Amino acid sequence: MPDPTLEAALDELYGCDPSDFVAVRKRLAAALGADGEKEAAKELRAARRPSTSAWALNQLARLRPDVVSELLDQSASLVAAQTRALSGKPDALRAAIQAHRTALTTATDAALAMLGTRSNDAFRAEIVSTLRAASTDEEVGRQLRAGRLVREASSSGFPDATGLTLVAEPPRPTARSTPKRATPPIEVAHADATRTRGLDERKEREREAPRQAARVATRAARREVAAAERETTRARTRIERLEHELEAAQRELESALARTVRARSAVDRVSPGP
């Protein structure tokens with residue numbers, strides 16, 4: 001049975017920002033050791049810091065567990081539909097493919113949102129790869145659901161479910177023709193998968209084009225914002241400097257006026273009368 005104290009410490013550790021991971025791990029391990037939990041402290045010290053993409057997925061599991069559950073549920077449904085299709089019952093395979101693809105896209109976008117301004121195409125690729133692995137690898141799925149991923153993962157299973165298609169029904173012979181040998185289902189499936197994959201790749205490129213343009217525009221806008229903020233900072237610094245100079249000048253003027261008054265008083269005291 002898992003140690004609840006250790007589990008709580010691991011939950012806190014993998015919920016923190018990667019930049020704070022080492023410090024939090026040291027603090028939690030010290031607390032466990034002080035409480036006499038020597039083995040738990042040792043195990044906690046061995047915990048590895050997650051990569052940025054793994055951290056984003058861990059946050060997704062904590063903050064949006066419904067999105068993770070939907071992906072894993074659709075993955076299980078897709079596996080079941082694939083099994084039925086291979087056994088000659090391709091009734092719901094296409095719907096399962098589409099449902100899994102939708103869940104994958106939703107989970108990817110939600111995980112990228114966890115990164116905020118750190119989001120980029122490289123992290124997107126790592127997140128998609130790990131989510132695909134979680135769809136077919138039970139251990140990766142368990143780590144994802146627990147929010148304790150350490151590194152991105154990959155899978156040789158259904159990467160985007162695009163290779164899974166309905167098996168075409170063999171042509172039926174007619175009374176006036178000699179029946180032809182039906183194409184083996186696996187060959188039909190492979191041909192269909194190739195065509196489907198090509199169409200999906202083209203559609204993905206078409207969908208990616210406006211997203212890429214938006215990313216370029218966003219980066220340009222952020223550069224403009226940064227430049228404007230730098231200019232604002234410089235202007236504020238100049239204003240503060242001028243204000244200090246004005247205050248100093250006012251003090252000098254007041255001092256000079258005071259000296260003038262004192263000097264005139266002295267002159268009046270020593271001057272002979274009329």
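As the structure is a prediction and not an experimental result, all values here were calculated from the model.
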Inter-residue atom distance [X].[atom1] - [Y].[atom2], 0.5 Å rounding:
X: Leu71; Y: Asp66; atom1: CG; atom2: CG; value: 11.5 Å
X: Arg145; Y: Asn58; atom1: CZ; atom2: CG; value: 14.0 Å
X: Leu131; Y: Thr108; atom1: CG; atom2: OG1; value: 5.0 Å
X: Glu152; Y: Ser53; atom1: CD; atom2: OG; value: 4.0 Å
X: Ser51; Y: Phe123; atom1: OG; atom2: CZ; value: 8.0 Å
X: Asp20; Y: Arg27; atom1: CG; atom2: CZ; value: 9.5 Å

Next item on the list: Indicate, with yes or no, if Leu104 and Leu144 share a hydrophobic cluster defined by side-chain heavy-atom contacts under 4.5 Å among Ile, Leu, Val, Met, Phe, Trp and Tyr.
Entry: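 Leu144 and Leu104: one cluster.
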Next item on the list: Flag yes if Phe21 and Trp55 sit in one hydrophobic cluster, no otherwise; membership is Ile, Leu, Val, Met, Phe, Trp, Tyr, and two members link when side-chain heavy atoms are under 4.5 Å apart.
Entry: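 In one cluster with Phe21: Trp55, no.
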Checklist line | Whether over 12 other heavy atoms sit under 6.0 Å from Glu139 CD | finding: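 More than 12 within 6.0 Å, yes.
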Next item on the list: May I ask you to check whether over 12 heavy atoms, not counting those of Arg49, lie within 6.0 Å of atom CZ?
Entry: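 Open.
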Side chains of [X] and [Y] only: does a donor on one sit below 3.5 Å from an acceptor on the other?
X: Glu70; Y: Thr106; answer: no
X: Ser135; Y: His100; answer: yes
X: Gln98; Y: Arg101; answer: yes
X: Arg132; Y: Thr136; answer: no

Next item on the list: Give every residue pair that meets the salt bridge (charged side-chain N to carboxylate O under 4.0 Å, His left out) criterion with at least one member in residues 34-46, sequence neighbours excluded.
Entry: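 Counting only pairs at least two positions apart or across chains, no salt bridge (charged side-chain N to carboxylate O under 4.0 Å, His left out) contact touches residues 34-46.
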Item checked: Among Glu7, Arg142, Arg48, the one residue meeting side-chain contact (heavy atoms from CB on, under 4.5 Å) with Arg148 ->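 Considering Glu7, Arg142, Arg48, a side-chain contact (heavy atoms from CB on, under 4.5 Å) with Arg148 is found only for Glu7.
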Taking all heavy atoms of [X] and all of [Y], pick out the closest pair and write down the distance.
X: Leu13; Y: Leu44; answer: CD2-CD1, 3.8 Å
X: Ala111; Y: Leu57; answer: CB-CD2, 3.8 Å
X: Ala40; Y: Asp3; answer: CB-OD2, 4.0 Å
X: Ala134; Y: Leu72; answer: O-CD2, 3.5 Å
X: Pro50; Y: Leu149; answer: CB-O, 3.4 Å

Next item on the list: Please lay out, stage by stage, how Asp17 and Gln59 fare under the test side chain to side chain contact (heavy atoms under 4.5 Å, CB included).
Entry: CA-CA 10 Å; Asp17 191 273; Gln59 300 315 299; over 6 Å; no
Check: residues 112-119 side-chain donor-acceptor pairs under 3.5 Å, at least two apart:
none

